[in-house]
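Worksheet: one structure, shown below.
Letters A, B, ... are given to chains in the order of the sequence lines, protein chains preceding strands, and every chain is numbered from 1.
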Amino acid sequence: MISCDDELRRWPTDEAQARAVQDRLRPHVRLDEAGPEPGFEGTVVGVDVAYDDERDVVAAAAVALDARTRAVVDRATAVGQVSFPYVPGLLAFREIPTVLDALGRLARTPDLVVCDGYGLAHPRRFGLASHLGVLTGLPTIGVAKNPFTFRYAPPGPERGATSPLLDGTEEVGRALRTQTGVKPVFVSVGHRTGLDRACAHTLHLAAEYRLPETTRAADALCRRALADA
DNA sequence: GCGACAG
DNA sequence: ATCTTGTCGC
C-alpha cells in the first residue's frame with residue numbers, strides 16, 4: 001500500500017526525479033479489475049485543471065455526476081501554486097496535487113474518476129489517470145482530446161465506433177467516436193478498470209457532445225474557480 | 001542534432 | 001493549457 005500523503009510530501013522537483021517516481025509507482029497499477037459496470041448505482045467524478053502562469057496559480061475542479069442519469073450531484077474546487085512545469089509525459093506532476101485537494105472536498109468517495117488525459121497510454125505506461133488511481137486507490141480512466149504520440153486508424157463514422165490506439169503493435173487505448181462525424185476521443189485505462197468498460201462509460205457520458213459531461217462540467221468549473229481566485 | 005509531444 | 005474575432009447555426 002502506498003501513502004498518498006508521503007507521495008505529496010516527496011513531490012519531485014526535476015524531470016529525473018519525476019520519471020523515477022513513475023517507475024516506482026507503476027507496479028501498483030491494477031489491471032485485473034473490470035471496474036464499475038455500465039449503469040452502476042453511484043457517482044462518476046470528472047476532474048480538470050486550469051492555469052494562470054502569470055500568477056503561478058492553478059485551479060482544480062471535481063464534479064460528481066450520477067453515473068446513470070448524468071445529473072450533477074456534487075462539486076468542489078481547490079486553488080494552489082503550480083508545482084511542476086508542463087513536460088510531455090510528466091503532466092501528472094503538474095495537475096495531481098490540486099486535483100487531490102479538490103477530490104477531498106467532495107461529500108462522498110467517487111466510484112469512478114474520469115481524467116483529462118491518459119492512463120496506460122503513456123511512454124512509461126503511467127499517465128495522469130494511472131497516477132491518480134494509484135494515489136487514491138480509486139478506479140480511474142483517461143479521456144484525451146489528442147492522440148499524443150500514438151498511432152491509430154480512424155474509427156468508423158458512427159457514434160460508438162472504435163479503433164485501437166497503438167504504441168507500435170501494443171494497444172494502449174482506443175480511439176472512440178462519441179458523436180457521428182466528429183473527431184474521436186482517446187480513451188485509456190487508468191487503474192482498476194478495463195478498456196471495454198472505460199469506453200462504455202465514456203460513450204454513456206458523451207451522450208450529447210464529443211467530450212464526456214464529466215470533463216465538460218469540470219472544465220467549466222475550474223475555469224470559473226481560476227477567475228475567482 | 002531535429003522534430004514530436006496528454007494539458 | 002492559453003492567447004484571440006468573427007462567424008455560422010440551432
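The interatomic distance linking A:F148 (CZ) with B:dA6 (C1') rounds to 5 Å, in whole Å. B:dG7 atom C1' lies 5 Å from atom CG of A:L91, rounded to whole Å. Atoms CG (A:D167) and C1' (B:dA6) sit 14 Å apart, rounded to a whole Å. The CD1-C1' distance, from A:I141 to B:dA6, rounds to 15 Å in whole Å. We find that CG of A:D48 is positioned 15 Å from P of B:dA6, with the value rounded to whole Å. Straight-line distance from the CZ atom of A:F186 to the C1' atom of B:dA6: 11 Å, rounded to whole Å. The CZ atom of A:R124 sits 14 Å away from the P atom of B:dA6 (whole-angstrom rounding). Going from atom CG of A:L90 over to atom C1' of B:dA4 covers 15 Å, rounded to whole Å.
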Under the side-chain contact (heavy atoms from CB on, under 4.5 Å) rule, what do A:L135 and A:L25 come out as? Steps first, then yes or no, please.
CA-CA 9 Å; A:L135 292 191; A:L25 294 182; 4.3 Å; yes
Given side-chain contact (heavy atoms from CB on, under 4.5 Å), test A:V143 with A:C115 step by step and report yes or no.
CA-CA 6 Å; A:V143 179; A:C115 298; over 6 Å; no
Checking A:D6 against A:R10 for the salt bridge (Lys or Arg N to Asp or Glu O under 4.0 Å) test, could you report, in this order, the C-alpha distance in whole Å, the side-chain angles of both residues, the deciding distance, and whether it holds?
CA-CA 6 Å; A:D6 285 351; A:R10 302 158 50 193; 5.5 Å; no
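A donor-acceptor pair under 3.5 Å is formed between the side chain of A:H204 and the backbone N or O of A:R68. Without hydrogens or angle criteria, A:T215 side chain to A:L211 main chain gives no donor-acceptor distance under 3.5 Å. With A:T180 contributing its side chain and A:R159 its backbone, the two residues share a donor-acceptor pair below 3.5 Å. A donor-acceptor pair is defined here as one N or O able to donate and one able to accept, closer than 3.5 Å; such a pair exists between the side chain of A:D74 and the backbone of A:A107. At distances below 3.5 Å, at least one donor-acceptor pair connects side-chain atoms of A:R177 with backbone N or O atoms of A:V182. Between the side chain of A:D167 and the backbone N or O of A:E170 there is no donor-acceptor pair closer than 3.5 Å. Under a 3.5 Å cut-off, the side chain of A:T214 and the backbone N or O of A:G46 do not form any donor-acceptor pair.
Nearest nucleotide to the side chain of A:E95, out of B:dA6, B:dC5, B:dG7: B:dG7.
Checked for salt-bridge contact, A:E7 and A:R24 meet the test: a charged N lies under 4.0 Å from a carboxylate O. Note on A:D5 versus A:R9: no salt bridge recorded, every NZ/NE/NH1/NH2 to OD/OE distance being 4.0 Å or above.
In this structure, A:K145 reaches the B:dG7 phosphate: one of its side-chain N or O atoms is under 4.0 Å from OP1 or OP2. For B:dG7, one of the phosphate oxygens OP1 or OP2 lies less than 4.0 angstrom from a side-chain nitrogen or oxygen of A:N146.
Within residues 212-229 of chain A, no residue has a heavy atom under 4.0 Å from DNA chain B. Residues of residues 17-27 of chain A having a heavy atom closer than 4.0 Å to DNA chain B: none are found.
Between A:H122 and A:F148, the ring planes lie tilted relative to each other; the angle falls in the 30° to 60° range.
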Dot-bracket for DNA chain B, please. Rules: Watson-Crick or G-U, both distances under 3.5 Å, ( ) within the strand, [ ] when a pair crosses earlier ones, | for another strand, . otherwise.
.......
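Contacts of A:D53 with the nucleic acid, taken as non-hydrogen atoms under 4.0 Å apart, are absent. Contacts of A:I96 with the nucleic acid, taken as non-hydrogen atoms under 4.0 Å apart, are absent. Within the nucleic acid shown, A:G142 has no heavy atom closer than 4.0 Å to any nucleic acid atom. At the heavy-atom level, A:Y86 lies under 4.0 Å from base atoms of the strands shown. Among the protein residues, A:A121 comes within range of no part of the nucleic acid, since none of its heavy atoms lies under 4.0 Å from any strand.
DNA chain C contains no stems of three or more consecutive Watson-Crick or G-U pairs with both distances under 3.5 Å.
Judged by the 6.0 Å distance and 45° axis criteria, A:R216 is positioned over the aromatic ring of A:Y209.
Test A:R192, A:R197, A:H201 against A:P36 for side chain to side chain contact (heavy atoms under 4.5 Å, CB included) and you get one pass: A:H201.
Counted within 6.0 Å of CZ on A:R30, heavy atoms from surrounding residues, nucleotides or ligands total 12 or fewer; the atom is thus considered open.
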Please list, one pair per line, the donor and acceptor atoms closer than 3.5 Å that link side chains of residues 90-104 of chain A to other protein atoms, with sequence neighbours excluded.
from: A:R94; atom 1: NH1; to: A:F84; atom 2: O; distance (Å): 3.1
from: A:R94; atom 1: NH2; to: A:D53; atom 2: OD1; distance (Å): 3.4
from: A:E95; atom 1: OE2; to: A:Y51; atom 2: OH; distance (Å): 3.0
from: A:D101; atom 1: OD1; to: A:R105; atom 2: NE; distance (Å): 3.0
from: A:D101; atom 1: OD1; to: A:R105; atom 2: NH2; distance (Å): 3.1

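You can see that DNA chain C meets the heavy atoms of chain A within a 4.0 Å-exclusive cut from C:dA1 to C:dT2, reading 5' to 3'.
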